[in-house]
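Structure record follows, encoded as structure tokens.
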There are 2 protein chains.
Amino acid sequence: MNALLIVAHGSRKKESNDEVIQLARDLDAIEESPFDRVLCAFNQFSGPTVDDQIAELAGQGITDITVLPYFIAAGSHVVTDIPERVDQARERYPAIRFNLAQHLGAFTGIKRLILEAFSGR
Amino acid sequence: MNALLIVAHGSRKKESNDEVIQLARDLDAIEESPFDRVLCAFNQFSGPTVDDQIAELAGQGITDITVLPYFIAAGSHVVTDIPERVDQARERYPAIRFNLAQHLGAFTGIKRLILEAFSGR
């Protein structure tokens, strides 16, 4: 059983956080997804936290968690905060395998995504 | 002559801003792009600003500028700051057509991008 945990910055605006929650729900509902579960967490300004969601997934018998820093670029959250939380989770849940993915902005498909979005121009 | 202006939050970390600058350069170098020019600007913590880059593009004879808020979710920068700057630019450069695009997180291709990135699992 594996899971994707999408970790976003978090905003004081509820609507902004709701976008990420909806993305996780949409991905969680996709049958042919490589993940059995998809959840999201927020670094600031909103729960659930990374720790909350890892505890939730551990309680569901998930054995493999991919953490996706859902960030445009590698600022301090991507470089420091999220890796530290993943390291702490590795110590706390030695039976779970954690995979820290690249942040979204480093995905090679981003350029194609942008060009395709405007290709009808 | 049209241009894409990628507007990112900006970071105190130079490496973070450099990622966005490199993305803009890479897109600018793609021959089959729908845009004659691709530049980026930052909302905070770094230049060039949106105003700087619009002035630059206006000086190059660009007549059509698409502004892409390069943000994960619609916080205050996406909802308020960037639209205000685009409105000001519309008043200042009436001969240029401005198109304010959706922020990156609202692109319909984001889900596919994420699933494809992990599809080898």
Side-chain angles (χ1 to χ4, degrees), chain A residues 2 4 6-24 26-27 29-30 32-35 38 40 42 45 64 66 68-80 99 101-121, chain B residues 2 4 6-24 26-27 29-30 32-35 38 40 42 45 64 66 68-80 99 101-121:
Chain A
N2 66 10
L4 176 66
I6 298 171
V7 183
H9 186 282
S11 170
R12 291 186 185 85
K13 284 181 93 80
K14 180 178 176 299
E15 301 76 16
S16 172
N17 300 328
D18 285 348
E19 277 186 68
V20 182
I21 292 168
Q22 190 59 50
L23 171 73
D26 289 349
L27 290 174
I30 292 174
E32 60 274 27
S33 155
F35 299 104
V38 180
C40 68
F42 298 98
F45 306 128
D64 189 315
T66 295
L68 166 59
Y70 196 52
F71 286 72
I72 289 295
S76 61
H77 300 296
V78 171
V79 173
T80 309
N99 166 38
Q102 286 189 303
H103 62 285
L104 186 80
F107 281 30
T108 54
I110 283 279
K111 287 170 209 160
R112 192 190 61 195
L113 178 73
I114 294 172
L115 291 180
E116 284 182 2
F118 299 107
S119 63
R121 293 175 58 81
Chain B
N2 66 11
L4 177 66
I6 298 172
V7 183
H9 186 283
S11 169
R12 291 185 185 87
K13 283 180 94 81
K14 180 178 177 300
E15 300 78 12
S16 172
N17 300 329
D18 285 347
E19 279 186 66
V20 182
I21 292 167
Q22 191 58 51
L23 171 72
D26 289 348
L27 289 174
I30 292 173
E32 60 274 28
S33 156
F35 299 103
V38 180
C40 69
F42 299 97
F45 306 128
D64 189 314
T66 294
L68 166 58
Y70 197 51
F71 286 73
I72 289 295
S76 61
H77 300 296
V78 171
V79 173
T80 307
N99 165 38
Q102 286 188 302
H103 61 286
L104 185 79
F107 280 31
T108 55
I110 283 279
K111 288 170 208 161
R112 192 189 62 194
L113 179 73
I114 293 172
L115 291 180
E116 284 181 2
F118 299 109
S119 63
R121 294 174 57 80

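Throughout, a chain's letter reflects where its sequence line sits, starting with A, and its residues are numbered from 1. Please read these numbers as outputs of a predicted model, since none were measured by experiment.
- The only member of A:Leu4, A:Leu27, A:Val38 that meets side-chain contact (heavy atoms from CB on, under 4.5 Å) when paired with B:Leu115 is A:Leu27.
- Taking the side chain as every heavy atom from C-beta outward, A:Leu23 and B:Ile114 approach each other to under 4.5 Å.
- Heavy-atom minimum distance, A:Ser16 versus B:Ala73: OG-CB, 3.2 Å.
- Interface remark: B:Val79 contributes side-chain atoms only to the contact with chain A (heavy atom separation under 4.5 Å).
- When heavy atoms are compared at a cutoff of 4.5 Å, B:Leu113 approaches chain A by way of both its backbone and its side chain.
- Taking CZ from B:Phe118 and CG from A:Asn2, the interatomic distance works out to 11.0 Å, rounded to the nearest 0.5 Å.
- Here the side chains of B:Ile110 and A:Tyr70 are in contact, with some heavy-atom distance below 4.5 Å.
- Two residues are said to be in side-chain contact when any heavy atoms from C-beta on lie closer than 4.5 Å; A:Asp26 and B:Lys111 meet this criterion.
- Interface summary for chain A: among B:Lys13, B:Gln102, B:Arg12, B:Glu116, the most heavy-atom pairs under 4.5 angstrom belong to B:Lys13.
- Between B:His103 and A:Glu19, some side-chain heavy-atom pair lies under the 4.5 Å cut-off.
- Ranked by non-hydrogen atom pairs under 4.5 Å with chain A, the options B:Gly109, B:Ala74, B:Ser11 are led by B:Ala74.
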